[in-house]
Amino acid sequence: MRKKITIIAILLVTMLQAQNFTGTWSTTFGDLKLIHEGRTVYGDYGTKGIIDAIQTGSTINGKFTNAGKVGVFYFKLASDNKSFTGEWRWQGDTTNRGNWTGTLKSDAFPSLKMDKWTGKYEFKSYPSGFTKKLNLQQKGFSLEGKFEDGKSFIGKLSNDLKTISNASLYHGNTLYNITTGIIKSENSEHITVWYGDIKASNTSTTTKFSAKFLKPMTVAEFKSLTGVSTSSTTTYKTDTGGLTMTSQGLGTSTSITTKTEKELRYRLTLDRIYILSVEDGPEGIFSGYELYGIAWCRAYDSNGKQIKPFDVTYSDQYGRFWEIKAKDYIRTDLKVGAQYEINKKITFDIPIDGSKDIQEVLKKSKIELTVELKDYDSASSNDILGKERVTLPLNEALISKLGNNKLPQPTQKGVINIKHGTRGHIMVTFYIEKI
């Protein structure tokens, strides 16, 4: 019995270790330094560019940059965790350019050089705004940060890594969105100054910001400041076979096409609140009402099994993923026509059985969204304006196309209507993307 237990333990350890890309790799096109966190893999492509990928099973699929040019790839890890095989092509190509293989040189946690946005910055909004320190880490095309007051910063870089294509941050209880972010100056190792336009989500006024580099920061230092472990061991449940694989259209490969399952990724964005008409107070003024609320979102596969979100941790058992608490209510009276930007995203990987018709499976899969809005009143703790739910089958023919303003056109798919009293009407918009 003791021998059997020992053998089982060895097998389990081997299975867990076989799903990790952290380390330095010698490859067909030079060294790669990779860091594996959860399902995300990112790092340096030599001194040429970066790697940004997502893990599905023993395979990672993603993008790389090479002297400003962008390509896509997949790597499949060998069972001994010491080599990988794969293919690559330039973004926009329809066929693969060739093989990309590698062997492990070191499984030590690497120090990255191509993450030029990583560091400590002084972040300042002006002319009359706030100034505070920002600890920022670049993970491939993504930016993740933590201010000295504990508030978060999340952003996305453009393909050239020179522009922030979108970003959001909190100061106090106010959500700010960076509408423009570009590099002002840089050297061979760091972005020294970046700047742009910033807008509070509860106003239409845009102001300026700048971020000045203060000191470098390693990945390990960033983790220690934010309380995240830098352990290179990434574990997955083995009773379900781990995560399934997809090639993301990178050509044919027996290691990919022989799988009977894959996943399609859908992201729902809870977009904005619009005040269409009011119930009380002078005409055009949402008098006496200060909004707060909750949104829940759950997804189910074609068999009715609930799917855990990829990027969000629920705050209750019912799928709560967005909330403005009563103490943080929107304090500005909102006039008719005013809007409040939410921009809260939640992503699901929908399992697809490769032996069945994909569209039929999607039609039986669904995303369920519920929104509840309340009015803050110190004399009442439960003044509900309305609570509505929509259920969305993932039939792409039923998902409305989005106009430039993200409002659904031409139908009303993507809208939740909260009506209260005899004439109060608040509209909450959302949209779904396949990513």
Side-chain angles (χ1 to χ4, degrees), residues 22 33-38 40-45 47 49-53 62-63 65 109-126 129-172 174-201 207-230 311 343-345:
T22 293
K33 292 184 177 181
L34 302 179
I35 295 174
H36 195 151
E37 293 179 358
T40 301
V41 179
Y42 63 95
D44 289 352
Y45 175 26
T47 57
I50 64 164
I51 294 287
D52 188 328
K63 293 182 179 181
T65 63
F109 196 87
S111 176
L112 303 182
K113 298 295 184 183
M114 299 303 292
D115 55 342
K116 294 181 64 175
W117 290 81
T118 296
K120 181 182 283 290
Y121 292 86
E122 181 182 70
F123 189 97
K124 180 179 181 180
S125 68
Y126 55 90
F130 56 87
T131 300
K132 53 184 179 179
K133 302 295 190 301
L134 170 64
N135 298 311
L136 189 66
Q137 185 187 6
Q138 178 185 345
K139 297 182 177 182
F141 291 101
S142 298
L143 297 175
E144 295 184 10
K146 190 77 74 174
F147 288 98
E148 58 188 346
D149 59 2
K151 300 297 183 180
S152 296
F153 177 103
I154 299 176
K156 197 74 174 177
L157 295 171
S158 58
N159 282 344
D160 63 4
L161 304 176
K162 301 290 186 182
T163 305
I164 298 177
S165 57
N166 62 76
S168 61
L169 60 99
Y170 273 93
H171 177 62
T174 302
L175 173 67
Y176 288 81
N177 294 298
I178 291 179
T179 57
T180 305
I182 58 177
I183 295 173
K184 182 177 181 180
S185 60
E186 61 180 306
N187 57 36
S188 61
E189 295 183 343
H190 307 293
I191 308 299
T192 52
V193 179
W194 45 286
Y195 70 103
D197 299 322
I198 188 171
K199 182 176 75 68
S201 58
T207 57
K208 302 293 184 182
F209 79 90
S210 66
K212 182 180 179 182
F213 182 81
L214 297 177
K215 58 178 290 189
M217 181 179 298
T218 66
V219 175
E221 287 172 333
F222 180 86
K223 302 302 180 190
S224 66
L225 287 171
T226 55
V228 179
S229 171
T230 59
D311 53 351
N343 193 32
K344 178 63 177 178
K345 303 179 187 299

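Residue numbers start at 1 and run along the sequence shown. These values consider heavy atoms only, across backbone and side chains, with no hydrogens, waters or symmetry-generated copies.
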Taking atom [atom1] of [X] and atom [atom2] of [Y], what is their separation to the nearest 0.5 Å?
| X | Y | atom1 | atom2 | value |
| --- | --- | --- | --- | --- |
| Phe209 | Thr180 | CZ | OG1 | 8.0 Å |
| Leu143 | Leu169 | CG | CG | 12.0 Å |
| Ile183 | Leu161 | CD1 | CG | 8.0 Å |
| Ser142 | Gln137 | OG | CD | 10.5 Å |

### Query
Please walk me through it: do Lys345 and Asn343 pass side chain to side chain contact (heavy atoms under 4.5 Å, CB included)?
CA-CA 6 Å; Lys345 303 179 187 299; Asn343 193 32; 3.4 Å; yes
### Query
Does atom NZ of Lys132 have more than 12 heavy-atom neighbours from other groups under 6.0 Å away?
yes
### Query
Near Lys124 NZ, under 6.0 Å, is it more than 12 heavy atoms from other residues, nucleotides or ligands?
no
Is the side chain of [X] donor-acceptor paired with the backbone N or O of [Y] at a distance under 3.5 Å, no angle test?
| X | Y | result |
| --- | --- | --- |
| Asn177 | Thr179 | no |
| Ser168 | Tyr176 | no |
| Ser158 | Thr163 | yes |

Kindly give the heavy-atom pair with the smallest separation between [X] and [Y], and that separation in Å.
| X | Y | result |
| --- | --- | --- |
| Asp149 | Lys151 | OD1-N, 3.1 Å |
| Thr22 | Pro110 | CG2-CD, 4.1 Å |
| Ala200 | Thr174 | CB-CG2, 3.9 Å |
| Glu122 | Thr131 | CG-CG2, 3.8 Å |
| Gly49 | Met114 | O-CG, 3.4 Å |
| Ser125 | Ile198 | CB-CG2, 4.4 Å |

Pairing residues for [X] by the salt bridge (Lys or Arg N to Asp or Glu O under 4.0 Å) criterion, not counting sequence neighbours:
| X | value |
| --- | --- |
| Lys133 | none |
| Lys139 | Glu37, Glu144 |
| Lys208 | Asp197 |

### Message
Which residues pass the ring pair (Phe, Tyr, Trp, His ring centres under 6.0 Å) test with Tyr170, not counting sequence neighbours?
### Response
none
### Message
Please enumerate all residues that pass ring pair (Phe, Tyr, Trp, His ring centres under 6.0 Å) together with Phe147, with sequence neighbours excluded.
### Response
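With sequence neighbours excluded, Phe147 shows a ring pair (Phe, Tyr, Trp, His ring centres under 6.0 Å) to Phe123, given in chain and number order.
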Which residues satisfy the side chain to side chain contact (heavy atoms under 4.5 Å, CB included) test with [X], sequence neighbours excluded?
| X | value |
| --- | --- |
| Lys116 | Glu186, Ile191 |
| Ser152 | Lys146 |
| Ser165 | Lys156 |
| Ala167 | Phe153, Ile164, Ile178 |

Any residue meeting side-chain hydrogen bond (donor to acceptor under 3.5 Å, both in side chains) with [X], in chain and number order, not counting sequence neighbours:
| X | result |
| --- | --- |
| Ser185 | Thr192 |
| Asn187 | none |
| Gln138 | none |

### Message
Students often mix this up, so state it plainly: with edges at 30° and 60°, are the rings of His171 and Phe130 parallel, tilted or perpendicular?
### Response
parallel
### Query
Would Glu148 and Asn135 satisfy side chain to side chain contact (heavy atoms under 4.5 Å, CB included), going step by step from the backbone distance to the final call?
CA-CA 8 Å; Glu148 58 188 346; Asn135 298 311; over 6 Å; no
### Query
Would you say the ring centroid of Trp194 lies under 6.0 angstrom from that of Tyr121?
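Yes; Tyr121 has its ring centre under 6.0 Å from that of Trp194.
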#### Entry: Within the 6.0 Å centroid threshold, strictly below: Phe141 and Trp117
no
### Task
Identify the residue among Asp115, Leu112, Ile51 that makes a side chain to side chain contact (heavy atoms under 4.5 Å, CB included) with Tyr42.
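Considering Asp115, Leu112, Ile51, a side chain to side chain contact (heavy atoms under 4.5 Å, CB included) with Tyr42 is found only for Leu112.
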